[in-house]
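Beneath this line is the structure, given in structure tokens, with notes to follow.
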Amino acid sequence: MQALDFDTFQQVLALHTDYALACDSADWERWPDFFTEDGSYRLQPRENHEQGLPLCLLALESQAMMRDRVYGVKETLYHDPYYQRHVVGLPRVLRTETGPDGRVSALHTQANYAVFRTKLDGESTVFNVGVYHDHIVCTSTGLKLRTRLCVYDSEMIANSLIYPI
Amino acid sequence: MDLYHPPAQNGITQETSLPTRRPNNMSQPHSAAAPAWPGPDTSRIPFWAYTRPDLYQRELERLFYQGHWCYVGLEAEIPQPGDFRRSVIGERSVIMVRDAEGHINVVENVCAHRGMRFCRERHGKAQDFLCPYHQWNYSLKGDLQGVPFRRGVKQDGQVQGGMPKDFKPEEHGLTRLKVACRGGVVFASFDHAVESLEDFLGPNILPWFDRVFSGRPLKILGYRRQRIPGNWKLMQENIKDPYHPGLLHTWFSTFGLWRADNKSALKMDAHHRHAAMISTRGQGGQPAAAAAEVVAGVDSFKQSMQLNDPRLLDIVPEPWWGGPTAVMTTVFPSLIIQQQVNSVSMRHIQPHGTGSFDFVWTHFGFEDDSPEMTQRRLTQANLFGPAGFVSADDGEVIEWSQQGFEQKPEHRTLVEMGGRDIADSEHMVTETLIRGMYAYWRQVMEE
């Protein structure tokens, strides 16, 4: 693996922070835009991941399916309103792919995350903690997620999970 | 918490003797002061049925530990000898295990020595069970087979200590439950006098059970877990309530998956404790003029809603459905069997206290499913579970119901959609299944 240049690493950091802030600002419409059109988003309990069982809590297999989820969050799911707040650790770059021009074309990274939930009139609680397994591709419009698999330790969901992690 | 709550003063009639609001965690002896059931039937359900700790303890004893079969798991979860998986009945931890002969045993996860809940892994493979505290060892059938220093320790030519001469290991095994397996589903009961599983389900419900579990080998797809801050009965009621799905759940009303104009039937066992809600999907969208009222003014109905990715509802009918596109079966008290189009799951109710239960989903398919069918089941699973397009709001409304009950336990719910009687039905505009469940509950609970 070639050493990752700082500029690319800085773009990876920006992808993480922009994604987290979009999810924490109720800016749901922006969320699918972090993915490629054929991208996938999976949120999977750790027990299934470790046992090789395919079931996820959410398994959205395209950007279009993510838009359906956004519509669900905004328009069709009756739920208690809540705030959420992501804290994402520094990404670990496992592997990069190099394009014909000799530049980095894709990255495989991991990053720990913790999401806190705060309901109106309630305290802030740890809602979902886990690790992102990302396949990031370099496109003409910047870095995009080709796949984001969130493997979460918090297997016992505190009732329901509505917003994207 | 061990507070004695004195009975109300004499001279107050039962109807008006409701205690003022009490903290949820205060023990409440069953006494003459206990409030009376409101009305002659079960078209009113008192809020205190969901909040009283004394009733909850009686529910555990009479519904979960006596006289009923409770769901434990699927045989496909423990395919090989030595495979085990922890499960729960009521509040009791149990272990489902396949022994060397291939038989399925269910034993209580409490050591016969000092009472430790010794099995900590959620699942695994074992030759025997070992309690780490004093290394007592049990066979996979639960027989005690090893007690360290049972015959004492020799020191200076003398035998010191050890168990008394009359200690009989065969009297100190793990508590063994009665087990019934049918079509790959494992039920167990602490009550060895319980009727057969087939009699328990009864002839009206058994065919709906067998429709899913015909003996075709199952394939486990995975688990989902949620802790719902509400009384456990609310989840049984949710799946005995065909009135809500076409109203609360946009996806059901808009895409016709479950709607008042669908062809449907509601069936109960003779005791009205179990039920099957059977529905055949309509076309969705705007209903025919004659049935326009089923979506008129329904907030959740989105006439213009189109899926960006139609794979979410890529429904392929399966021969075993035999017509209906959805059958939701409630097996009282612990299980809901879900078949909603191509998504199939077991939903296991694990209560803890009056105001909380764990809801564990085991999604599965069949060994002979094509890869495309497996993918379809996984994609449709987005509708269900703690984040599901449809099911997430069920957990939410249960939480909000419980909050209402705890706010004024002396009040009652109203359950008279479709009348006040209890009978099978050919339509969904009725709460008869909930009335049936409470008629049974009152009989067993003597309330």
Side-chain angles (χ1 to χ4, degrees), chain A residues 32 35 37-82 119 121-122 125 127-128 150-165, chain B residues 122-123 219-230 247-251 253-254 299-302 305-313 345 356 358-365 374-375 377-400:
Chain A
F35 293 81
E37 212 171 288
D38 62 349
S40 82
Y41 170 82
R42 291 184 187 154
L43 177 61
Q44 189 179 38
R46 182 166 168 172
E47 62 175 320
N48 291 353
H49 188 68
E50 292 188 346
Q51 288 172 71
L53 296 169
L55 185 74
C56 295
L57 192 72
L58 286 171
L60 307 173
E61 306 293 351
S62 68
Q63 197 183 48
M65 215 178 268
M66 290 177 232
R67 296 202 190 286
D68 288 326
R69 180 67 188 179
V70 169
Y71 187 76
V73 168
K74 288 179 64 177
E75 302 290 339
T76 78
L77 280 160
Y78 291 91
H79 64 276
D80 243 357
Y82 64 91
K119 284 197 174 188
D121 311 315
T125 56
F127 182 51
N128 194 271
C150 326
V151 177
Y152 62 90
D153 299 345
S154 322
E155 291 165 356
M156 190 65 77
I157 301 288
N159 201 350
S160 61
L161 187 150
I162 309 296
Y163 308 142
I165 297 290
Chain B
R122 196 180 263 155
H123 65 99
K219 180 176 172 171
I220 307 296
L221 297 179
Y223 303 92
R224 290 158 159 182
R225 300 169 192 271
Q226 63 189 131
R227 181 159 293 168
I228 300 180
L247 299 169
L248 176 67
H249 306 307
T250 295
W251 281 56
S253 58
T254 303
D299 174 58
S300 63
F301 178 69
K302 312 279 183 197
M305 179 177 168
Q306 298 266 332
L307 289 175
N308 290 296
D309 191 329
R311 285 179 294 176
L312 284 164
L313 281 179
S345 78
S356 180
D358 291 349
F359 202 40
V360 179
W361 304 60
T362 306
H363 280 253
F364 60 93
T374 298
Q375 184 55 51
R377 296 195 202 287
L378 291 168
T379 303
Q380 289 180 22
N382 283 305
L383 273 67
F384 307 102
F389 282 111
V390 173
S391 302
D393 11 28
D394 287 323
E396 295 286 293
V397 298
I398 286 175
E399 178 173 355
W400 305 340

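Naming convention: chains lettered A, B, ... in sequence-line order (proteins, then strands); numbering from 1 in each chain.
Taking 4.5 Å as the limit, some side-chain heavy atom of A:Tyr78 sits within range of a side-chain heavy atom of B:Leu248. Between B:Gln375 and A:Glu61 there is a side-chain heavy-atom pair separated by less than 4.5 Å. Inter-residue side-chain proximity for A:Leu55 and B:Tyr223 is flagged as unmet; no heavy-atom pair is nearer than 4.5 Å. Within the 4.5 Å cutoff, side-chain heavy atoms of B:Thr379 are placed close to those of A:Met65. In this structure the side chain of A:Ser62 reaches within 4.5 angstrom of the side chain of B:Arg311, judged on heavy atoms.
Counting heavy-atom pairs under 4.5 Å between each of B:Val397, B:Asp299, B:Thr254 and chain A puts B:Asp299 at the top.
No more than 12 heavy atoms of other residues, nucleotides or ligands lie within 6.0 Å of NZ in B:Lys219, so this atom counts as exposed by the packing criterion. Atom NZ of A:Lys74 has 12 or fewer heavy atoms from other residues, nucleotides or ligands within 6.0 Å.
Residue contact with chain B, scored on non-hydrogen atoms closer than 4.5 Å, involves the side chain of A:Asn48 exclusively. With a 4.5 angstrom heavy-atom cutoff, A:Pro45 touches chain B only via side-chain atoms. For a residue to count as touching a neighbouring chain, one of its non-hydrogen atoms must lie under 4.5 Å from one of that chain's; by this rule B:His249 does not touch chain A. Only the side chain of A:Ile162 comes within less than 4.5 Å of a heavy atom of chain B; its backbone N, CA, C and O stay farther away. If you measure heavy-atom distances from B:Asp394 to chain A, you find no contacts under 4.5 Å at all. For B:Trp400, the part sitting under 4.5 Å from any heavy atom of chain A is the side chain, from C-beta outward, and nothing else. Of the two parts of A:Gln51, only the side chain, counted from C-beta on, holds a non-hydrogen atom closer than 4.5 Å to a non-hydrogen atom of chain B.
Counting only distance, with no hydrogens or angles, the side chain of B:Arg224 and the backbone of A:Cys56 share a donor-acceptor pair below 3.5 Å. In terms of modelled atom types and a separation under 3.5 Å, the side chain of A:Asp68 and the main chain of B:Leu307 share no donor-acceptor contact. In terms of modelled atom types and a separation under 3.5 Å, the side chain of B:Asn382 and the main chain of A:Leu58 share no donor-acceptor contact.
Minimum heavy-atom separation, A:Leu57 to B:Pro386: CD1-CD, 3.5 Å. Heavy atoms only, all atoms of each residue included: A:Asp80 and B:Glu396 are closest at N-OE1, 2.6 Å. The two residues A:Ser160 and B:Ala392 have their closest heavy-atom pair at CB-O, 3.8 Å. Residues A:Asn159 and B:Gly395 come closest through the heavy atom pair ND2-O, 2.9 Å.
The pair A:Glu47-B:Arg122 meets the salt-bridge criterion, with a side-chain N (NZ, NE, NH1 or NH2) lying under 4.0 Å from an Asp/Glu carboxylate O.
Distance check: B:Arg225 CZ to A:Glu155 CD gives 6.5 Å after rounding to the nearest 0.5 Å. Between the CG atom in B:Asn308 and the CD atom in A:Gln63 there is a gap of 9.5 Å [rounded to 0.5 Å]. Between atom CG of residue B:Asp309 and atom CG of residue A:Leu60 there is a gap of 9.0 Å, rounded to the nearest 0.5 Å.
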